[in-house]
**Q** 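Before we start, here is the structure in question, set down as structure tokens.
All values derive from a computational prediction rather than experimental measurement.
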Amino acid sequence: MEKLSITRPDDWHLHVRNGAMLRTVIAHTAQQFGRAMIMPNLKPPICTVAEALSYREEILQALPKNADFTPLMSLYLTANTTVEDVKAVSSSEFVKAFKLYPAGATTNSDAGVSQLSGIYPILEALEKYDIPLLVHGEVTSAECDIFDRERVFLETQLSDIAQKFPALRIVVEHATTKDAVQFVLAHGPNVAATLTPQHLLYNRNALLVGGIKPHFYCLPILKREPHRQALVAAAVSGNPKFFLGTDSAPHSQALKENHCGCAGCYSAHAALELYAELFEAENALDKLEGFASLYGADFYRLPRNNSTITLTKQEWRVPASYGEAECTVIPLRAGEVLRWQVVAP
């Protein structure tokens, strides 16, 4: 196949930061996706509808002229979140979900939740008002091996939430293990997962073999090859419980290549091309549209996009970096050749 046209896709898990970094990266997403679910872990975090709409306006102002892109917003769930906050989201046109970060799990998660039992009244309200809970699924105890943090969270915490709130829509964000795949498959249609390019294309060897490579460092961390294979099988299965969420996370080169480098891979520059490469390798290009363009919209109960996007089999070399000065970002596959390219509209 030399050309592939699909319904315009959506990115259901995206970081775009704010300020100069936002202006550096937002065009990449707007060129490929019709919508994106914007993560709220800024400093300070986005915790109210008013804050989310203000942030959304900043994103809109940073978009290229005539961009056909709709940012959708999520709120940062904290110990101070109220039922009134949940009600406000239920009537908002553009704020669509709450994001749960266990305290200390990832970038800017210090305001996250330490005791999940303390937010059960909020989860009850989310279930009542049918608002999705987006979960960074990792425990943070020092005793837990970093490669086991997702599995342990699913077994000891998210399983209880799913049992106590059976109608709550839950997204296991950036799933990384066969355990996460099995968890999603074991529950009903209200439990889904997003899958990222880095976790589908790479195992932990990419991060560790031949020296530590900071631009492959993300959280949850890359896992063993059997876990990657389980994610790939889920992505290409045609099961609507698995859909696209890049978790593209821009950090400056200086902060990534640091004695304590930031967690996150930047993939927005070539997200759809990277997914196409994976689906082609699995002889499953016919399943890419569902995964990228249909299943996420259906889960969020939003209309599917009515425009299309086309990829062609055309090699191009990824730049060594994007941006400049403190906003220099090293992208996934920097300096390498990709085989698919999105055709400019």
Side-chain angles (χ1 to χ4, degrees), residues 2-4 9 11 13-17 20-33 36 64 107 174 176 195-219 221-223 225 228 231-232 235 244-282 285 288 292 309-344:
E2 298 298 317
K3 182 178 289 190
L4 176 66
D11 186 346
H13 187 117
L14 179 69
H15 301 269
V16 292
R17 314 306 181 199
M21 183 62 81
L22 165 64
R23 294 189 293 273
T24 297
V25 302
I26 190 61
H28 287 152
T29 291
Q31 288 166 0
Q32 297 200 350
F33 296 100
T107 304
H174 41 52
T176 68
L195 301 174
T196 76
Q198 64 265 25
H199 293 110
L200 288 169
L201 289 167
Y202 302 106
N203 61 37
R204 65 187 189 180
N205 283 354
L207 171 66
L208 298 171
V209 171
I212 296 175
K213 302 176 183 65
H215 297 289
F216 284 103
Y217 174 56
C218 57
L219 290 172
I221 200 164
L222 299 176
K223 303 298 196 300
E225 178 63 9
R228 189 193 71 84
L231 300 178
V232 170
L244 186 155
T246 64
D247 193 22
S248 181
H251 293 284
S252 71
Q253 181 179 8
L255 292 178
K256 285 291 287 182
E257 299 173 5
N258 190 285
H259 72 284
C260 186
C262 296
C265 298
Y266 184 68
S267 60
H269 64 295
L272 200 55
E273 291 95 336
L274 292 167
Y275 284 112
E277 178 181 308
L278 182 281
F279 276 71
E280 182 184 38
E282 297 297 316
L285 278 173
L288 179 61
I309 194 167
T310 299
L311 297 109
T312 61
K313 203 72 169 296
Q314 180 176 330
E315 291 188 349
W316 63 286
R317 188 173 298 277
V318 177
S321 66
Y322 291 99
E324 58 186 10
E326 69 276 5
C327 291
T328 300
V329 177
I330 307 300
L332 208 61
R333 292 284 184 86
E336 297 182 27
V337 173
L338 295 181
R339 296 190 298 273
W340 286 93
Q341 186 169 31
V342 171
V343 178

**Q** Can you sort out the partners of Glu273 under salt bridge (Lys or Arg N to Asp or Glu O under 4.0 Å), two or more places apart, ordered by chain and number?
**A**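 So Glu273 forms no salt bridge (Lys or Arg N to Asp or Glu O under 4.0 Å) with any residue.
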**Q** If the condition is side chain to side chain contact (heavy atoms under 4.5 Å, CB included), which residues does Asn205 pass it with, not counting sequence neighbours?
**A**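 Asn203, Val209.
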**Q** When rounded to the nearest 0.5 angstrom, what distance separates OG in Ser267 from OH in Tyr275?
**A** 6.5 Å
**Q** Please identify which of these residues, Arg204, Lys223, Gln198, meets the side chain to side chain donor-acceptor pair (under 3.5 Å) condition with Thr176.
**A**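 Looking at Arg204, Lys223, Gln198, the match for Thr176 under the side chain to side chain donor-acceptor pair (under 3.5 Å) is Lys223.
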**Q** Shortest non-hydrogen contact from Phe216 to Leu222?
**A** O-CD1, 3.8 Å
**Q** Looking only at side chains, do Arg333 and His269 share a donor and an acceptor under 3.5 Å apart?
**A**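 No donor-acceptor contact under 3.5 Å links the two side chains.
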**Q** Taking salt bridge (Lys or Arg N to Asp or Glu O under 4.0 Å) as the definition, give me every residue that meets it alongside Lys313, ordered by chain and number, with sequence neighbours left out.
**A**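 With sequence neighbours excluded, Lys313 shows a salt bridge (Lys or Arg N to Asp or Glu O under 4.0 Å) to Glu280, given in chain and number order.
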**Q** Does Arg23 have any salt bridge (Lys or Arg N to Asp or Glu O under 4.0 Å) partners at least two apart in sequence or in another chain, and if so, which?
**A** none
**Q** Look up atom CG in Leu338 and atom CG in Leu272, then write down how far apart they are to the nearest 0.5 Å.
**A** 11.5 Å
**Q** Is there a donor-acceptor contact under 3.5 Å from the side chain of His15 to the main chain of Pro250?
**A**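 Side chain of His15 to backbone of Pro250: no pair is present.
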**Q** Considering only heavy atoms from C-beta outward, does the side chain of Leu311 approach that of Val343 to under 4.5 Å?
**A**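 Contact flag for Leu311/Val343 side chains = no.
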**Q** Could I get the full list of side chain to side chain contact (heavy atoms under 4.5 Å, CB included) partners for His215, not counting sequence neighbours?
**A**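 His215 satisfies side chain to side chain contact (heavy atoms under 4.5 Å, CB included) with Lys256, Glu257, Ile330 only.
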**Q** May I have the list of side-chain donor-acceptor pairs in residues 315-327 shorter than 3.5 Å, sequence neighbours left out?
**A**
from	atom 1	to	atom 2	distance (Å)
Trp316	NE1	Trp340	O	2.8
Arg317	NH1	Gly335	O	2.7

**Q** Just so I know, are the side chains of His199 and Cys218 near enough to count as touching, which here means a heavy-atom distance under 4.5 Å?
**A** yes
**Q** How long is the span from the CD1 atom in Ile309 to the CD atom in Gln31, to the nearest 0.5 Å?
**A**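 So the CD1 of Ile309 and the CD of Gln31 are separated by 9.0 Å.
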**Q** For Thr196 and Asp247, test the side chains for any donor-to-acceptor distance below 3.5 angstrom and give the result as yes or no.
**A**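 No, no side-chain donor-acceptor contact under 3.5 Å.
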**Q** Nearest heavy-atom pair of Met21 and His251: which atoms, and what distance?
**A** CE-C, 4.0 Å
**Q** Evaluate side chain to side chain contact (heavy atoms under 4.5 Å, CB included) for Thr310 paired with Lys3, printing each intermediate quantity in order.
**A** CA-CA 7 Å; Thr310 299; Lys3 182 178 289 190; 3.5 Å; yes
**Q** Verify, without hydrogens or angle tests, whether Arg228 (side chain) and Tyr202 (backbone) share a donor-acceptor contact under 3.5 angstrom.
**A**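 No, Arg228 side chain to Tyr202 backbone: no donor-acceptor pair under 3.5 Å.
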**Q** Which residue in the set Gln341, Arg339, Glu2 passes side chain to side chain donor-acceptor pair (under 3.5 Å) when paired with Gln314?
**A** Gln341
**Q** Measuring from atom CG of Leu285 to atom CD of Glu277, what distance do you get when rounded to the nearest 0.5 angstrom?
**A**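 Those atoms lie 11.0 Å apart.
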**Q** What is the distance from atom CZ of Phe279 to atom CG of Leu274, rounded to the nearest 0.5 Å?
**A** 12.5 Å
**Q** Using side-chain heavy atoms (C-beta onward) and a distance below 4.5 Å, is Leu278 in contact with Pro197?
**A** no
**Q** Calculate, to the nearest 0.5 Å, the distance between atoms CG and CG belonging to Leu14 and Asp11 respectively.
**A** 5.0 Å
